[in-house]
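Take a look at the structure set out below.
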Amino acid sequence: MSKFRKKKKGMPAVNTAALPDIVFMLLFFFMVTTTMRETDLRIENPRLPSASEVKKLEHKSLVCTIYVGKSKDPSKHGVGYNKIQLNDKISSAEQVPAFIINARSKVSEAEVPFMTTSIKADKESNVGTITDIRLKLRDANALKISYSASKGAGN
Amino acid sequence: MARRENPEINAGSMADIAFLLLIFFLVTTTMNVDSGVSKKLSEKPPADYVPPVIKEKNIFEVNINRNNELLVEGERMDVKDIRDAAVKFIDNGGGLGKPNEDGTPGESCDYCEGERSDSSSDHPNKAIISVQSDRGTEYGTYIKVQNELLRAYTVLRNRLCMKRYNMSFDELEESYKDNKSNAALKKKVEDIKTAYPQIISDAEPTS
């Protein structure tokens with residue numbers, strides 16, 4: 001019976017040759033879907049209010065964003081939740097029309113009416129600041145706005 | 001010297017490199033699409049603009065004070081109750097609607113299910129919601145109120161859409177979005193939108 005002697009069996013090693021492939025696949029997925037933040041915030045990341053009746057903003061290139069919130073550097077810009085950030089710096093409501101005109105110059109004439117201004121404001125900002133921005137936007141004839149909010153129950 | 005076998009390159013650390021890259025993109029990725037409460041501002045009125053006279057009963061007045069408290073039609077109210085109050089107001093249908101574009105007088109609202117009281121709005125297309133807030137009001141509260149008011153319209157639109165086309169308005173809009181060239185769908189969407197137009201105006205804030 002020595003012919004049928006039991007073979008010595010060790011634990012076979014798991015073949016990990018395909019592991020890099022799997023990881024690369026994941027990698028490519030995230031590479032494709034990733035978007036880097038294009039402006040760095042001078043204000044603290046606003047805590048958006050939540051709402052249920054939200055609409056998605058389409059055509060990213062036609063959206064310009066105004067941030068409102070608390071400055072990261074209170075010694076320079078002062079305290080309070082009513083700092084307005086346009087592009088890369090803290091500005092005032094007076095500069096909103098210039099900001100809009102600048103944004104308009106980057107898109108073609110035909111697309112200007114579809115441009116949307118997204119206002120990303122912190123929950124604790126005051127309505128007065130938003131109103132100031134809104135009046136300036138109306139002066140600049142940028143009538144489509146979107147109050148940025150996260151989708152939630154709305155309560 | 002002894003002839004060496006061509007050594008195989010050790011690919012074991014390949015996975016580590018890939019993992020490193022993967023984790024980097026995992027951290028920097030943001031999948032969320034921007035979303036928000038969309039709003040259309042009114043155009044700047046000309047200097048000699050005289051605002052039209054609107055009957056008191058067709059205005060639903062919402063005041064938010066600087067302590068984030070609500071005053072709706074002269075009564076204190078919680079945010080959660082404002083939707084029902086708005087639905088009741090919009091859907092009242094107590095009189096005739098706006099005159100049509102060709103000059104014929106407006107009809108009374110035959111799809112409204114409200115009380116038809118004389119002291120509330122005449123018709124959904126005449127019913128105006130006016131939100132006045134203080135400059136010191138918190139933005140979060142303001143958005144909450146706007147959201148509740150929009151929800152009131154959504155409730156009404158969904159109800160009417162269910163009755164007329166046997167699907168909710170959200171579904172209708174969704175299917176229209178997928179198929180923009182469909183004239184029949186477009187007509188349905190327009191129909192519901194004109195039945196309950198969203199008229200929310202922002203009054204100048206008090207300071």
*chain A: which of B:L22, B:I17, B:T141 shares the most heavy-atom pairs with it under 4.5 Å?*
B:L22

Heavy-atom contact with chain A under 4.5 Å, split by part of [X]:
X: B:S133; result: side chain
X: B:V79; result: neither
X: B:I143; result: side chain

_Using the side-chain hydrogen bond (donor to acceptor under 3.5 Å, both in side chains) definition, which of the options B:S119, B:S121, B:S120 pairs with B:S117?_
B:S119

Heavy-atom cut-off 4.5 Å, strictly under: side chain, backbone, both or neither for [X] against chain B?
X: A:D122; result: backbone
X: A:S125; result: both
X: A:I22; result: neither
X: A:T116; result: neither

*How far apart are the C-alpha atoms of B:Y196 and B:D91, what are their side-chain angles, what is the distance that settles it, and do they pass the side-chain hydrogen bond (donor to acceptor under 3.5 Å, both in side chains) test?*
CA-CA 9 Å; B:Y196 287 113; B:D91 205 29; 2.8 Å; yes

*asked:* When you compare the side chains of B:D134 and B:N65, does any donor N or O come within less than 3.5 Å of an acceptor on the partner?
replied: no

_Side-chain donor-acceptor pair present, B:Y142, B:D202, cut-off under 3.5 Å_ = yes

*Please say whether the positively charged group of B:R159, taken as NZ for Lys or CZ for Arg, lies over the ring of B:F169, i.e. under 6.0 angstrom from the six-membered ring centre and within 45 degrees of the axis.*
no

Tell me, out of [options], who's got the most heavy-atom pairs with chain B below 4.5 Å.
options: A:N141, A:I130, A:V63; value: A:I130
options: A:K120, A:R134, A:R47, A:E124; value: A:R134
options: A:A142, A:S146, A:S118; value: A:S146

*Measure across B:A203 and B:S130 and return the closest heavy-atom pair with its distance rounded to 0.1 Å.*
CB-OG, 4.2 Å

*Can you name the nearest heavy-atom pair linking A:K144 to A:P113, along with the distance?*
CD-O, 3.9 Å

_I'd like to know whether A:T131 forms a side-chain hydrogen bond (donor to acceptor under 3.5 Å, both in side chains) with B:R135, so could you lay out the CA-CA distance, the side-chain angles of the two residues, the decisive distance to 0.1 Å, and finally the verdict._
CA-CA 8 Å; A:T131 312; B:R135 284 191 69 90; 5.5 Å; no

